[in-house]
Every structure is written in C-alpha cells, then in structure tokens.
Number of protein chains: 2
Amino acid sequence: MTTKRSYQQYCGLASALDVVGERWTLLIIRELLLGPARYSDVLANLPGIGTNLLAERLKFLVQRGVVRQVDLRGTGAQLAYELTPAGEELRPLILGLTRWGMEFVGDPRPEDALRPRWGFLAAEAMLDPTKVSDRHERYEFRVDDQVFHIETSGGRARARRGAAVDPAMVAKTDAATFVQIGSGRLTPLLAMLTGHLVLEGDVGAVLRCCELLGLESASSRAVASRAVSARPASSAAAG
Amino acid sequence: MTTKRSYQQYCGLASALDVVGERWTLLIIRELLLGPARYSDVLANLPGIGTNLLAERLKFLVQRGVVRQVDLRGTGAQLAYELTPAGEELRPLILGLTRWGMEFVGDPRPEDALRPRWGFLAAEAMLDPTKVSDRHERYEFRVDDQVFHIETSGGRARARRGAAVDPAMVAKTDAATFVQIGSGRLTPLLAMLTGHLVLEGDVGAVLRCCELLGLESASSRAVASRAVSARPASSAAAG
DNA sequence: CTGCATCCGCCTCGATACTG
DNA sequence: CAGTATCGAGGCGGATGCAG
C-alpha cells in the first residue's frame, strides 16, 4: 500500500479534491444523495466502475467521514451506505455541477447508461428558487418507474420522492426525454408532439412548473438562447 | 490517440465530470478564476502537473468552450488563457468546494505548495451573504505579497483585487496562517497572539469582518463547533 | 525564453475471477 | 451479497527535445 496520491497544496479546493476529486467518487455520492444504498445497488447504477474501485472509494469516504455504514434492519444483514452530514453538504454543489453539465449532454447514445432515479436529482438541480410562485401546489413526475414531485409553499420549492397528493400537474415521460428536456435539447412542446411526454392537469400549473424549472413552456423565443454549447449542433434539429 | 474516456451516463453530473472531472482540471480553472494567465503561469502555480498534461487539459477545455485563448497585448506574443462565460459559471461551485474542503485541510506540511493568490479565493469562499452588515465599508487583506479587500454595500459583499480606499480594517498575515484561520484550525485571536496576524483599524470593523467570514472573532464558544472533522485532533490544541 | 510534443516508468483504473 | 485478488491497459508524472 503506497501513500495516497495528493495534490499537496495547502488550499481548500485541493483538499476537497483530495477527498472527492478522484474518478467515480462524485458519482458514488450522487447515488447516496438519493438515499442509503447497498454496495450492490451502487454497483448496479455505476456500470463500468469495477468492484475493487467501488470498495476502495467507499472505504476511503468512510474513513474521511463523508459516508458511513448503517444497519437498515436490526439484523446484521442488509448493511447499507449513507452520507454523513458532511457528505450531505455536497448536495448543493453536486446539484450545481449537474445543472452546469446539462449544457454538455449530447444526444442519447445507445451505449450511455440511463437511470430514471437520476431524474430526481436533475429536477432538484433545475429548481430555480427565484421563480417559485406563491401558490401552494404540487407537480408530479413519472419518469419510467420513478415517481416524485415538487411541492411549492410559502415561496419555497422542495423535491420529494413518491406520488403527490392532489397534484396540480402530472408529467409522464421516459428518462432520456426527461434529461433532454432538462438540457434544453428538447422543449416540452416538442416532446409532447412526438409522444414522449404526456402532461395532465391545469394549464396554468404546467406553465408555472416550466417557469420553476427554467423550461421554455411554449412559443417562439425557444431554443436560441441555449445554443452556447461547444460543438455547433449542425443546424436546428427541427431542420 | 484513443477515444476519450467517458462515464457514458446520460446525466448532467456525468457530463460535467466528463468535462471538468479529470485530475488537475478544476485546479487549472481555479487559477483562471483569478484572472487570465499564460501557460507558464499556470504551470508554476500547479507544481507536479507535468507539461503535457497541462497542455492537453487546456486544449480540451478550449475545445469544450470552457476556456479560450486571448491576446493580451495587441502583439501576437503574450498569449494567455481565460475562462469563457461557461467557465465563469463554475465560480460559485468551485468556491463552494473550496469552503467544503476547508474542513479537510490539515496542518501545513513542508511539502505542501502554498500560494498567496489562493487566499483571494479562500476569502471569497468564506463570505457569508446572510451575514453582511448594512454598513458600507472595506476590509483590506495583505497575504504575503497579495493585496485584496472585501467591500460591503447595500447588503451585499464583494471581494476585489488590490488595496482598499479608506479601509475600516487591515489584516496582514502569511498564506499559511490565512488558510489555517479560514479552516478553523486557528482563531484570529490565537494568530495575533503568536504574531502571525496583525490587525489594524476599528475594533467594530474587525468584529463585523469576522462575522462576515464566519470566524470566531473572540471569546469562549470557539473551536468546539468546528470539530466535526474526520480524524479526531488528538485533543484540544490549546491543551 | 515560452509553449508545447515526445518518450518512458509507474501508478491507477477496469475487467474478470474468486472467496467468506 | 459484499467484497478481495489479480492482471493487462492506459492515464499520469517527470525529464527531455524542439520550434517559434
């Protein structure tokens, strides 16, 4: 066992990267942001990681106090990993990175892994706190088998797991479409027209939800403002 | 040239990490957050990176639209790299990571690189927007050869390069002490007593500045709340 | 002298096989 | 199910070469 590689800089950022900067680490933490998970759960959601790496990363994160092991049932079986408070503090940063990275997602390729559970974090990342309406209502999302909702109340918005009671809007879609909409590569309108998105409920609620998530709810000014991506997308996809 | 390694996940976070997740990349961007820099400047501030790696990273970041080359003087010489708007969007995330990583900085070791310029970002990261007093005043910092200041006005605080006009407070220290204070391993009081920190100016301003930066300005409740770090620090340093 | 490109030893990574 | 052991491949780190 050689001494762990470090940037050897006396600096907060370098120290942070010494803890969570290695390959796969932030993706492991993303999985744990969705709730406690067992070793094999994490492994299944991170295709390509290699079992030794996952074990090593988890051990290291536990040692640094970012992750801990918990006994979900009383029984000694069913061990799981969960984030410590220090790990939870990474949530806004990971959500911010997720939002930033949305500009870089391309078209879905067959070799890309895709998990509906990631949609929850994507939605959480897209929430714009400055755009919360003063209404108290809930928007429900059904991304493949995953169900979650956003609740607004008192000028604040929260994303929660599970179905919503009395949702003002329900959106049904698949994971690929959900990410494409979030990245601006697809508008809700276009997704509906192609049958990949089904919206139910009050029209006003749909518009407010789009506003809350920073989406082009309709109409003309659409795509242009988003087209800052690195590789010019040949020409408009609608072309 | 083999095809670039990717997480191959259709997800904003994975896409972000495909761009800025590789080793050294975020530290390169940190350097550019402090202003445009030439190749050799970046190289000098990142000991250990290896020249080929820096060139490759920069080229890749330019290709992805995160960094661009600029001609500082009109002359073709003096090329420099600077962040694009997309790169600038990483600032709050990097500042957040810097703050998060403060919990993990240990005692300064002789082999650790240390640059006074990093102090500027550290200060920016420590700024607590909820703790801005309503006064309009400036706090100046002299960290070794680097001079910068924080200006509060209209309930907002900004960090700026250079000396302050009519500063309400001036703090002189060295880079190691500055980071140690920021990480909570050292209080301003203790740093003053050991002669590593010199504070000048209005006492009230000093207290307000400490409040703004989340520092223990004095007194008793000190260190305890910070002691959530991974490895217990044997016992209190004051022992 | 700056700004890289090339080369090489080594360490990390990724995949498979194997064990409690 | 939850990892450990092993090994080939490739990314990394350091030294050197070279063009503008």
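Per chain, numbering begins at 1; letters A, B, ... match sequence-line order.
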Exercise. So, Arg158(B) and Glu124(B), do they make that salt bridge, N to O below 4.0 Å?
Worked result: no
Seminar exercise, completed: In whole angstroms, the gap separating C1' of dC4(C) from CG of Leu79(B) amounts to 12 Å
Exercise. Closest nucleotide of DNA chain D for Gly50(B) versus for Ser40(A): which of these residues is on the 5' side?
Worked result: Ser40(A)
For this session: Answer yes or no: does a side-chain N or O of Lys4(A) lie under 4.0 Å from OP1 or OP2 of dC11(C)?
Result: no
Problem set entry | Separation of atom CD1 in Ile49(B) from atom C1' in dG14(D), rounded to whole Å | 13 Å
Problem set entry | Proximity to the side chain of Glu22(B) - top-ranked nucleotide from dC12(D), dC13(C), dG3(D) | dC12(D)
For this session: Of all the heavy-atom pairs spanning Trp118(B) and Ala113(B), show the shortest one and how long it is.
Result: CZ3-O, 3.6 Å
For this session: Measure the distance from NZ on Lys59(A) to P on dA5(D) and round it to the nearest whole Å.
Result: 8 Å
Exercise. If you find the nucleotide of DNA chain C closest to Leu53(A) and the one closest to Tyr81(B), which residue's nucleotide is nearer the 5' end?
Worked result: Tyr81(B)
Seminar exercise, completed: The reported gap from NZ in Lys59(A) to CD in Glu56(A) (rounded to nearest 0.5 angstrom) is 7.5 Å
Exercise. Distance check: side-chain N/O of Arg5(A) vs OP1/OP2 of dC10(C), anything under 4.0 Å?
Worked result: no
Exercise. Donor-acceptor pair, Asp174(B) side chain versus Ala176(B) backbone, under 3.5 Å?
Worked result: yes
For this session: Look at the side-chain N and O atoms of Arg23(A) and state whether any lies under 4.0 Å from the OP1 or OP2 oxygen of dG11(D).
Result: no
Problem set entry | Any Trp24(B) side-chain nitrogen or oxygen under 4.0 Å from OP1 or OP2 of dG13(D) | yes
Exercise. Atom CD of Glu111(A) and atom P of dG14(C): how far apart are they, to the nearest Å?
Worked result: 16 Å
Problem set entry | Leu58(B) CG - dA5(C) P separation (whole Å) | 11 Å
So which protein N/O to nucleotides 6-9 of chain D N/O distances come out below 3.5 Å?
{"unit_1": "dT6(D)", "atom_1": "O4", "unit_2": "Asn52(A)", "atom_2": "ND2", "d": "3.2"}

Problem set entry | Set of residues satisfying ring-ring contact (aromatic ring centres under 6.0 Å, His included) with respect to Tyr7(A), sequence neighbours excluded | Trp24(B)
For this session: Decide yes or no, distance alone: a donor-acceptor N/O pair under 3.5 angstrom between the base of dA5(C) and the side-chain of Thr51(B).
Result: yes
Exercise. Can you check the Tyr7(B) OH to dG11(D) C1' distance for me, whole Å?
Worked result: 13 Å
For this session: Would you verify whether the NZ or CZ of Lys172(A) falls within 45 degrees of the ring axis of Phe141(A) while also being under 6.0 Å from that six-membered ring's centre?
Result: no
Problem set entry | Arg160(A): salt bridge (charged side-chain N to carboxylate O under 4.0 Å, His left out) partners, not counting sequence neighbours | Glu151(A)
Exercise. Atom OH of Tyr39(B) to atom C1' of dC18(D): distance rounded to whole Å?
Worked result: 13 Å
Seminar exercise, completed: Between CG of Leu54(B) and C1' of dA15(D) the distance, given in whole Å, is 16 Å
